[in-house]
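This report concerns only the one structure given below.
Chain identifiers are assigned alphabetically (A, B, ...) following the order of the sequence lines, protein sequences preceding nucleic acid strands; residue numbering begins at 1 within each chain. Source: prediction; values computed, not measured.
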Amino acid sequence: MPEELKEQEIIRRNSLKELIQLGIDPYPAEGFEVNATTAEILEKFPGDQSIYQDVSLAGRIMSRRIMGAASFAEIQDATGRMQFYIRRDDICPGEDKTLYNTVFKRLLDIGDIIGIKGFVFITHMGEITVHVREMKVLSKSLRPLPIVKEKDDQVFDAYTDPEQRYRQRYLDLIVNPQVRETFRKRTRLVDSMRNFLNDKGYLEVETPILQPLYGGAAARPFTTHHNSLDMTLYLRIADELYLKRLIVGGYDGVYEFSKDFRNEGMDRFHNPEFTQMELYVAYKDYQWMMDLVEEMVERIAMDIHDSPKVKVGDHVIDFKRPWKRYTMYEVIRKYTGEDISGMDEATLTALSRKLGIETDASMGKGKLIDAIFSETCEPNLIQPTFIMDYPVEMSPLAKKHRSQEGLVERFEAICNGKEICNAFSELNDPIDQRLRFEAQKELAKRGDEEYMVLDEDFLRALEFGMPPTAGLGIGIDRLAMIMTNSPSIQDVIFFPQMRPEHH
RNA sequence: GAUUCAGUAGCUCAGCAGGUAGAGCAACGGCCUUUUAAGCCGUGGGUCCCGGGUUCGAAUCCCGGCUGGAUCACCA
């Protein structure tokens, strides 16, 4: 339903009609040949003024200062923004001054997309500028852009309303250059990780997003329905169980960048769809995987920042290897003074209460320990730190610890007070795996809604034999938040989930 | 889901002891003949998020709702 047009929209639509009447196509079909970018010119021109005597640029008009027969304006392309100078008698060499007087001065607006050709020079004010000889309208904009002005490094009227920025990300991208940069860094992160994994020889694969059973994590799923099969399908919460089937199938290293979906609360660390990278490597264990994570994340930081040190909020996080390593019991002792290694469920419940942590009857030993850790330790772990050796109750897919009773070979990397990855020596004993699924059922009966469901085909695969395998899941959004110093997950997802707007 | 803050012009915001809405930028008109201008002068532009209520009178007070942010709960 089209809204009533506002004053400025009516004016722009009228300008559009006038352009057409003048024989100018406001949306021409043919391309416009570009031979430079603003960033290139601003970088190279001052050193070599013989170049760019015949440049062709395209982009959006971002500001205009009209002075009679000559004007200064700014054009913004994908790489940045620069000034151009446009003079009536240059673009209208004959008697007809319409292109300047009517088209440029009156019918064009901030936000319109144009192509310009001319030469680069430096003004008396010292600003690198394109002196325009030819101008072409490439796309007329019918809505006024939020105008952000800058003078002497001071920003005026910054476009900051988060609701509008997320709903109309295109505007955010047009107007806030740091946002374009954040998403470039996110892509660089993914590229860096993919290159790293490919260099190691692992195979990037794709597994189902629509799954008849959801598994591989403890979370509530989204449910959907397939019409011709007339069956319920779930959007995946993890790809773990499918990737392990591929290890059973004989690949020795597979990974997937996967969109996962969890039907849970949203806040600045959680979006209902998010991206993980999961990696499984045969004949390796979690100790080996820790080394790999350190190496990979350090390289990502280097690829993005040319340094292992990354500024995040008030902290500088240093990804240089080696990272600190603590066992779960060690780190809890470090921050609470309590040795929980021998505690049973009742004692842990009592300790939790003493530490001011709410408990309920559905919480088993694993959840209690996790709660103690999350409350007392995790927020204090700013520099990248590995926490190893988790209680078996909270890790139904991880292999029993080679020497510690009641523990599994699992680690998480914590950074800036948040988990960024989760990994284990994968459980490949099919009998034990079945018992673990059964134990999850018990938790379900006690009211834990996030129990893991038993996957009979996955067990069948394990029964054919899976090599000892190290597995990793790393949160791309979380890592992107750290690498781009973004306080909210919505700042590293182009289109974060929102309620529909209707007001 | 709970608590809390916010929603006024295209954008950023002011106005809130209740008296019929204001600034800067953007827009429109004028000035402006050749390297700076967030320039100068003038003009227009608003279901003050929506719906009720109190009142002679509500952007302002009260109640309900919508949307968003922050914190918490659940989780990665």
Side-chain angles (χ1 to χ4, degrees), chain A residues 3-12 14-15 62-74 83-90 100 105-106 109-111 121-129 131 141-152 154-168 171 175 217-220 237-238 260-276 278 358 360 362 367 370-371 374 378 412-414 418-422 448-450 473-479 481 487-490 496 498-503:
Chain A
E3 296 162 39
E4 209 172 307
L5 292 178
K6 301 291 188 181
E7 178 199 32
Q8 297 192 42
E9 296 174 299
I10 293 167
I11 290 164
R12 283 169 183 244
N14 287 340
S15 300
M62 295 306 285
S63 73
R64 290 195 305 166
R65 298 186 291 279
I66 293 171
M67 300 176 286
S71 304
F72 285 95
E74 285 180 299
Q83 177 169 272
F84 63 94
Y85 174 67
I86 186 161
R87 199 160 60 168
R88 182 178 60 203
D89 296 337
D90 291 330
Y100 182 80
K105 278 173 70 172
R106 204 159 61 71
D109 291 290
I110 290 175
F121 73 108
I122 296 181
T123 66
H124 288 171
M125 298 299 291
E127 187 161 349
I128 300 168
T129 302
H131 188 128
S141 162
L142 297 180
R143 289 174 182 261
L145 226 45
I147 303 295
V148 180
K149 296 243 171 178
E150 232 179 293
K151 177 137 183 177
D152 302 330
Q154 211 187 333
V155 175
F156 296 82
D157 297 343
Y159 183 66
T160 51
D161 178 7
E163 180 170 2
Q164 294 193 65
R165 288 183 48 228
Y166 303 146
R167 284 194 198 280
Q168 302 187 70
L171 286 184
V175 143
R220 281 140 71 198
I237 59 172
D260 292 341
F261 305 83
R262 297 190 185 174
N263 205 342
E264 283 160 354
M266 297 166 57
D267 58 32
R268 69 194 183 91
F269 292 102
H270 302 265
N271 194 60
E273 56 183 290
F274 65 104
T275 307
Q276 274 201 102
E278 288 194 34
E358 282 184 39
D360 66 66
S362 82
K367 279 228 164 183
D370 191 39
S374 303
E378 208 173 14
E412 291 190 357
I414 313 292
K418 280 277 163 188
E419 174 193 338
I420 57 170
C421 79
N422 182 18
D448 186 339
E449 285 185 60
E450 289 156 350
I474 185 162
I476 299 298
D477 312 279
R478 292 274 176 89
L479 194 57
M481 285 169 68
S488 169
I489 198 168
Q490 297 173 110
M498 299 222 130
R499 286 200 162 86
E501 51 177 333
H502 52 77
H503 30 247

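- Between U67(B) and C50(B), the two P atoms lie 15 Å apart (nearest whole Å).
- By the ring pair (Phe, Tyr, Trp, His ring centres under 6.0 Å) test, Phe261(A) pairs with no residue at all, sequence neighbours left out.
- Rounded to whole Å, the P atom of A27(B) lies 38 Å from the corresponding atom of C5(B).
- Taking atom C1' in both A70(B) and U36(B), one finds a spacing of 42 Å when rounded to whole Å.
- Across the P atoms, C25(B) and A17(B) are found 28 Å apart, a figure rounded to whole Å.
- For the OP1/OP2 pair of G69(B) and a distance below 4.0 Å, the side-chain nitrogens and oxygens of Gln490(A) include at least one atom meeting the criterion.
- Side-chain contact between Glu74(A) and Arg64(A) is absent, with no heavy-atom pair separated by less than 4.5 Å.
- For the C1' atoms, the distance from A59(B) to G18(B) is 10 Å, rounded to whole Å.
- U54(B) makes up no base pair with any nucleotide shown, lacking Watson-Crick or G-U wobble contacts both under 3.5 Å.
- Comparing G29(B) with C66(B), their C1' atoms sit 40 Å apart, to the nearest whole Å.
- Nearest-nucleotide mapping onto RNA chain B: of His131(A) and Asn271(A), the residue sitting toward the 5' end is His131(A).
- In this structure, CE of Met67(A) is placed 9 Å from C1' of C32(B), rounded to the nearest angstrom.
- Distance, Ile86(A) CD1 to U33(B) P: 17 Å, rounded to whole Å.
- Checking G69(B), U35(B), U67(B) against the side-chain heavy atoms of Arg499(A) singles out U67(B) as nearest.
- We find that the ring of Phe274(A) and the base of A76(B) stack, their centres lying under 5.5 angstrom apart and their planes tilted less than 30°.
- Nearest heavy-atom pair across Arg220(A) and Glu264(A) is N-OE2, 3.1 Å.
- Side-chain atoms of Gln276(A) and Asp477(A), non-hydrogen and from C-beta on, never get closer than 4.5 Å to each other.
- Checking A76(B), C74(B), U34(B) against the side-chain heavy atoms of Asp89(A) singles out U34(B) as nearest.
- For Arg88(A), no side-chain nitrogen or oxygen approaches OP1 or OP2 of U34(B) to under 4.0 Å.
- Pair check for G42(B) finds C28(B); Watson-Crick or G-U wobble, both atom distances under 3.5 Å.
- Whole-Å rounding puts the Ile237(A) CD1 to A76(B) P distance at 9 Å.
- For Glu264(A), the side-chain atoms get nearest to C74(B) when compared with the rest of C74(B), U36(B), U33(B).
- Note that CE of Met67(A) and CZ of Arg87(A) are 11.5 Å apart. Values are rounded to the nearest 0.5 Å.
- Across every non-hydrogen atom of Arg268(A) and Met481(A), the tightest pair is O-CE, 3.7 Å.
- Of the listed nucleotides (G68(B), U34(B), U36(B)), G68(B) has the atom at the smallest distance from the side chain of Met498(A).
- Taking both residues in full, the closest heavy atoms of Arg12(A) and Ile110(A) are given as NH2-O, 2.9 Å, listed atom of the first, atom of the second, then distance.
- Checking side-chain atoms of Tyr100(A) against main-chain N and O of Ala70(A) turns up a donor-acceptor pair under 3.5 Å.
- Summarising the base pairing, A2(B) is matched to U71(B) through a Watson-Crick or G-U wobble pair whose two defining distances lie under 3.5 Å.
- The interatomic distance linking Ile489(A) (CD1) with G69(B) (P) rounds to 13 Å, in whole Å.
- Side-chain contact between Ile420(A) and Glu412(A) is absent, with no heavy-atom pair separated by less than 4.5 Å.
- When each of C74(B), G68(B), G10(B) is scored by its nearest atom to the side-chain atoms of Glu163(A), the top-ranked nucleotide is G68(B).
- A14(B) and A6(B) are spaced 10 Å apart, taking the P atom of each and rounding to whole Å.
- The side chain of Glu419(A) approaches A76(B) more closely than any other nucleotide in the set U67(B), U35(B), A76(B).
- For Arg262(A) and A76(B), the CZ to P distance is 6 Å, given to the nearest whole Å.
- Aromatic ring orientation, Tyr85(A) versus His131(A): perpendicular (interplanar angle above 60°, classes split at 30° and 60°).
- Taking the 5.5 Å centre cut-off and the 30° plane limit, the aromatic side chain of Tyr85(A) is classed as stacked on U35(B).
- Legend: residues meeting salt bridge (charged side-chain N to carboxylate O under 4.0 Å, His left out) with Glu7(A), ordered by chain and number and at least two apart, are absent.
- The nearest whole Å value for the distance from the CZ atom in Arg165(A) to the P atom in G69(B) is 11 Å.
- In this structure, the side chains of Asp260(A) and Glu278(A) come closer than 4.5 Å at one or more pairs of heavy atoms.
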Anything under 3.5 Å between a protein N or O and an N or O of nucleotides 3-5 of chain B, put it in a table, one pair a line.
none

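- Rounding to whole angstrom units, CE of residue Met266(A) and C1' of A73(B) are separated by 15 Å.
- Spacing between U60(B) and G51(B) at atom P, rounded to whole Å, works out to 12 Å.
- An OP1 or OP2 oxygen of C11(B) is reached within less than 4.0 angstrom by no side-chain nitrogen or oxygen of Lys6(A).
- Taking a pair to require two hydrogen-bonding distances under 3.5 Å in either a Watson-Crick or a G-U wobble arrangement, U47(B) remains unpaired.
- Taking side-chain N and O atoms only, Arg268(A) has a distance below 4.0 Å to OP1 or OP2 of U71(B).
- Evaluation of atom-type donor-acceptor distances gives a pair under 3.5 Å for the side chain of Asp267(A) against the base of C74(B).
- Among A76(B), U36(B), A70(B), the nucleotide with an atom closest to any side-chain atom of Arg478(A) is A76(B).
- One finds a salt bridge joining Glu9(A) and Arg143(A) here, because a Lys/Arg side-chain nitrogen approaches an Asp/Glu carboxylate oxygen to under 4.0 Å.
- Going from atom CZ of Phe72(A) over to atom CD1 of Ile66(A) covers 12.5 Å, rounded to the nearest 0.5 Å.
- Among the protein residues, Gly265(A) comes within range of the nucleic acid bases, having at least one heavy atom under 4.0 Å from a base atom.
- Across all strands shown, A9(B) remains unpaired; no Watson-Crick or G-U wobble contact has both distances below 3.5 Å.
- Closest to the Tyr166(A) side chain, of the nucleotides G69(B), U35(B), U12(B), is G69(B).
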Distances for protein N/O vs nucleotides 40-43 of chain B N/O pairs under 3.5 angstrom?
none

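- With a cut-off of 3.5 Å on both Watson-Crick or G-U wobble distances, the partner of U36(B) is given as none.
- Rounded to the nearest 0.5 Å, atoms CG (Asp161(A)) and CG (Leu171(A)) are 11.5 Å apart.
- Atoms CG (Leu171(A)) and P (U12(B)) sit 11 Å apart, rounded to a whole Å.
- In a base pair of the Watson-Crick type (N1 to N3 plus N6-O4 or O6-N4) or a G-U wobble (N1-O2 and O6-N3), with each distance short of 3.5 Å, A17(B) is matched with no nucleotide.
- Asp267(A) is linked by a side chain to side chain contact (heavy atoms under 4.5 Å, CB included) to Phe269(A), His270(A), counting only residues two or more places apart in sequence or in another chain.
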key: Heavy-atom protein contacts under 4.0 Å, nucleotides 24-31 of chain B, coded B base, S sugar-phosphate only, - none   = BSBSSS--
